[in-house]
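Beneath this line is the structure, given in structure tokens, with notes to follow.
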2 protein chains.
Amino acid sequence: MARITITDVARMAGVSKATVSRVMNGNYGYIKDETREKVLDAIQKLEYRPSSVARSLASNRTQTTGILVSDVGNPFYANVIHGVEDVAFEHGYDLFLCNTNYDEERGLAIVQSLIDKRVDGVFIMSSSMSNDWIRELNKNSIPSVILDWQVTMEAPCVAEIQIDYEVGIKQAVEHLIELGHQRFAHISGPLSLETARDRKDAFVYHLAENGIDKDQIVIVEGDLKIEGGRKALPEILASPIKPTAIFTANDMTAMGVIGASRRANIRIPEDISLVGLDDTWLAAQMDPPLTTVALPNYYIGKLAMETLLKILERSKDNSEQIKEVVSTELVIRETTERQE
Amino acid sequence: MARITITDVARMAGVSKATVSRVMNGNYGYIKDETREKVLDAIQKLEYRPSSVARSLASNRTQTTGILVSDVGNPFYANVIHGVEDVAFEHGYDLFLCNTNYDEERGLAIVQSLIDKRVDGVFIMSSSMSNDWIRELNKNSIPSVILDWQVTMEAPCVAEIQIDYEVGIKQAVEHLIELGHQRFAHISGPLSLETARDRKDAFVYHLAENGIDKDQIVIVEGDLKIEGGRKALPEILASPIKPTAIFTANDMTAMGVIGASRRANIRIPEDISLVGLDDTWLAAQMDPPLTTVALPNYYIGKLAMETLLKILERSKDNSEQIKEVVSTELVIRETTERQE
DNA sequence: ATAGTTTCTGAAACCGGTTTCCTTTTCTGC
DNA sequence: GCAGAAAAGGAAACCGGTTTCAGAAACTAT
């Protein structure tokens with residue numbers, strides 16, 4: 001059974017392809033009600049569905065976007081993806097999901113492939129990425145929305161979604177200070193990442209604001225994964241500073257710390273208080289439930305897709321840069337406790 | 001800057017479009033080395049990249065697949081997706097990721113959209129699905145690979161990946177019996193799902209094999225999510241049977257049980273032993289680490305993509321049904337303990 | 001009745017590739 | 001040196017839509 005094409009519909013309705021196309025899209029001129037009926041009828045009878053491929057080629061729009069994340073397995077991304085997808089679905093967009101696996105090379109290959117597929121836009125949410133990606137996208141004038149990354153280059157069609165870590169981290173610090181903590185540790189993300197440095201700096205800065213000197217802070221570099229947290233804990237415990245509170249760069253790292261603490265016979269929060277960052281659904285499921293600096297995960301995804309739609313809808317010459325900022329907020333659960 | 005097309009390359013190399021196409025694809029006839037060089041040169045100089053869209057339209061192949069999962073947030077799917085993606089990436093395929101959100105309607109809409117996009121194949125890994133999906137795909141002769149679902153209809157282009165729960169569940173039961181347990185509970189998935197009934201039946205069957213009668217088993221229906229496990233525990237505790245061991249339909253449910261047990265002051269495994277099913281990375285991170293019936297998550301994804309490739313490569317008339325079976329295996333961690 | 005609009009529709013070009021078909025060129029072997 | 005086969009590559013049709021352009025039909029105003 002050959003596939004039904006627009007030509008079949010046109011023949012059955014006794015009109016031209018152009019008319020069928022017009023009926024379907026509503027654009028370009030007027031259609032007599034009677035004709036419209038005939039066409040709609042034929043479409044229905046034949047169960048015709050237009051080929052997105054042909055449509056894309058002709059119209060230069062694919063109704064498709066790509067999203068690059070480090071790893072779908074990270075619940076943070078899962079939430080973001082949901083947000084993107086829900087809005088995309090509503091507007092008839094499909095989503096290529098791509099895991100970079102924290103690998104810049106692979107990411108670039110993916111970007112190239114997305115360009116070849118002529119996606120209408122790309123979301124870059126991979127924590128490790130490279131300016132090359134943006135450069136390639138830009139060269140092909142494919143708009144992109146980038147999460148939490150300072151774009152340092154000339155890039156007209158790039159929207160940024162910035163995360164204001166300051167607010168939430170300030171709250172976290174004040175919370176810990178209030179509980180009487182005086183010596184701290186931070187398990188950061190890979191310090192090659194600006195976002196990791198941002199979080200670390202914000203933490204250190206607000207500690208300073210509260211009279212805590214740098215020499216009361218241990219910083220250990222992690223990897224944003226469980227493993228990093230697990231490995232970091234012994235290092236922190238061995239430090240002469242003897243921190244009583246740990247702030248991790250994300251929830252996964254905190255999860256690693258919780259696991260390691262059990263093995264090391266350290267009680268959380270009695271011996272050490274712990275604050276994560278992300279607030280994925282996992283945070284509430286940990287034992288004890290994790291106090292964490294919450295990012296609006298789902299909302300970030302939603303906002304990203306909405307931003308892309310905005311870019312796609314605006315006129316060609318309006319290329320003002322869009323920059324959105326989302327805030328963060330401390331969610332207190334049970335991994336933080338008063339330190340006597 | 002207009003996009004570079006095959007025509008530009010042809011002009012620059014002083015050959016016809018056909019030749020350029022042949023050089024790129026290697027098929028159809030012979031090319032003189034000298035000509036090939038000229039073309040390759042032009043391609044390089046112009047940084048030409050062929051449009052996948054045009055290519056798809058002409059060749060009727062999109063190098064694209066779609067995958068339907070219930071929810072990316074579930075670590076089980078995350079692993080499967082990784083498996084699919086890695087193989088897909090290797091072979092130059094891209095992946096539309098679609099969350100059905102456990103909603104059959106939405107799933108059908110997604111399937112339709114994938115058909116319109118003329119994907120080369122579809123993976124159905126959503127726990128709740130409908131025969132309509134397969135019917136639509138079939139009508140458009142789009143091959144599909146279905147995970148853990150008994151296809152009850154005429155469906156030539158459908159491959160199945162079955163999961164042999166028997167083996168692992170048998171091990172789980174024997175493990176529990178060996179530990180001295182005599183009274184059991186099972187938190188199932190929605191019993192409208194065949195896969196949920198399978199797991200339940202296998203559990204009950206093997207208990208019977210070990211001399212445990214039905215009246216020593218409590219069955220509570222869950223939802224394969226954390227919430228279901230949380231809600232089920234009180235019900236189990238209230239039962240006159242007083243089970244000492246719980247087997248859950250998946251790890252997420254087990255996670256819910258662990259959470260609820262803490263609130264109910266029940267110790268796991270001292271008071272109640274717990275066995276999950278899936279063995280996502282989460283299992284090992286729970287507290288205590290979860291004993292669980294392991295599915296080869298990543299391998300399932302890999303196998304699925306490999307199976308699809310096999311279908312796509314075989315000749316048109318060879319339509320024998322492919323059925324793969326993967327096995328399961330008990331992984332013992334720390335949620336099961338001897339019952340005195 | 002006629003000119004001037006406005007409404008409606010079809011023919012054909014086009015999007016950027018692939019593939020068929022056929023012609024030309026280059027090799028073989030004798 | 002020539003016939004026949006093999007190698008090489010071009011012209012054009014095609015994939016299934018969209019969009020331009022122009023002409024026909026229907027409607028207004030005079």
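Bear in mind the structure is a predicted one, so any value in this text is a computation, not a measurement. We name chains A, B, ... by the order of the sequence lines, and we start the count at 1 in each one.
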Query raised in the report: Does D/dT18 have OP1 or OP2 sitting under 4.0 Å from an N or O in the side chain of A/Asn25?
Result: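 Result: yes.
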Query raised in the report: Quick one: is B/Tyr30 getting a side-chain N or O under 4.0 Å of the C/dT24 phosphate, OP1 or OP2?
Result: no
Query raised in the report: Can you find a pair of side-chain heavy atoms, one from A/Asp86 and one from B/Asn101, that are under 4.5 Å apart?
Result: yes
Query - Five-pair end axes of the helix from C/dA1-D/dT30 to C/dC30-D/dG1 and the angle they enclose, rounded to 10° - result: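 Overall, the helix from C/dA1-D/dT30 to C/dC30-D/dG1 bends by 30° from one end axis to the other.
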Could you check how far [atom1] of [X] sits from [atom2] of [N], rounded to whole Å?
X: B/Ile6; N: C/dT19; atom1: CD1; atom2: P; value: 11 Å
X: B/Arg118; N: D/dG16; atom1: CZ; atom2: C1'; value: 9 Å
X: B/Met24; N: C/dG16; atom1: CE; atom2: P; value: 13 Å
X: A/Asp33; N: D/dA26; atom1: CG; atom2: P; value: 15 Å
X: A/Ile31; N: D/dA26; atom1: CD1; atom2: P; value: 15 Å
X: B/Glu37; N: D/dA8; atom1: CD; atom2: P; value: 14 Å
X: B/Glu34; N: D/dG9; atom1: CD; atom2: C1'; value: 13 Å
X: B/Arg36; N: D/dA8; atom1: CZ; atom2: P; value: 9 Å

Query raised in the report: Just wondering, are more than 12 heavy atoms of other shown residues or ligands nearer than 6.0 Å to NZ in A/Lys302?
Result: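 No, because the 6.0 Å sphere around NZ of A/Lys302 holds 12 heavy atoms or fewer from other groups.
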**Report entry** Within 6.0 angstrom of B/Glu105 CD, more than 12 heavy atoms from elsewhere
**Finding:**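 Counting neighbours around CD of B/Glu105, 12 or fewer heavy atoms of other residues, nucleotides or ligands fall under 6.0 Å, so no.
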Check nucleotides 10-15 of chain C against the protein and report each pair of N or O atoms closer than 3.5 Å, with its distance, or say if there are none.
unit_1 : atom_1 : unit_2  : atom_2 : d
C/dG10 : OP2    : A/Ser16 : N      : 3.0
C/dG10 : OP2    : A/Ser16 : OG     : 3.1
C/dG10 : OP2    : A/Thr19 : OG1    : 2.5
C/dG10 : N7     : A/Arg22 : NH2    : 2.7
C/dG10 : O6     : A/Arg22 : NH1    : 3.2
C/dG10 : O6     : A/Arg22 : NH2    : 3.2

Requested in this report: To the nearest 0.5 angstrom, please state how far the CG atom of B/Leu312 sits from the CZ atom of B/Arg61.
Outcome: 5.0 Å
Query - Straight-line distance of B/Trp133 CH2 to B/Ser144 OG, nearest 0.5 Å - result: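 Between atom CH2 of B/Trp133 and atom OG of B/Ser144 there are 11.5 Å.
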Requested in this report: For the pair B/Ser21 (side chain) and B/Lys17 (backbone), establish whether a donor and an acceptor sit closer than 3.5 Å, ignoring hydrogens and angles.
Outcome: no
Query raised in the report: Under 4.0 Å between a Lys/Arg side-chain N and an Asp/Glu carboxylate O for B/Arg135 and B/Asp132?
Result: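 Looking at B/Arg135 and B/Asp132, the cut-off is met.
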Report task. On DNA chain C, check which nucleotide each of B/Ser51 and B/Lys32 is closest to and give me the residue with the more 5' one. Result ->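 Closer to the 5' end of DNA chain C: B/Ser51.
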Query - Partner set under side chain to side chain contact (heavy atoms under 4.5 Å, CB included) for A/Ile142, not counting sequence neighbours - result: A/Ile115, A/Val119, A/Val122, A/Leu137, A/Asn140
Report task. Evaluate the criterion side-chain hydrogen bond (donor to acceptor under 3.5 Å, both in side chains) for residue pair B/Asp120 and B/Thr62; output intermediate values, then yes/no. Result -> CA-CA 6 Å; B/Asp120 293 340; B/Thr62 53; 3.2 Å; yes
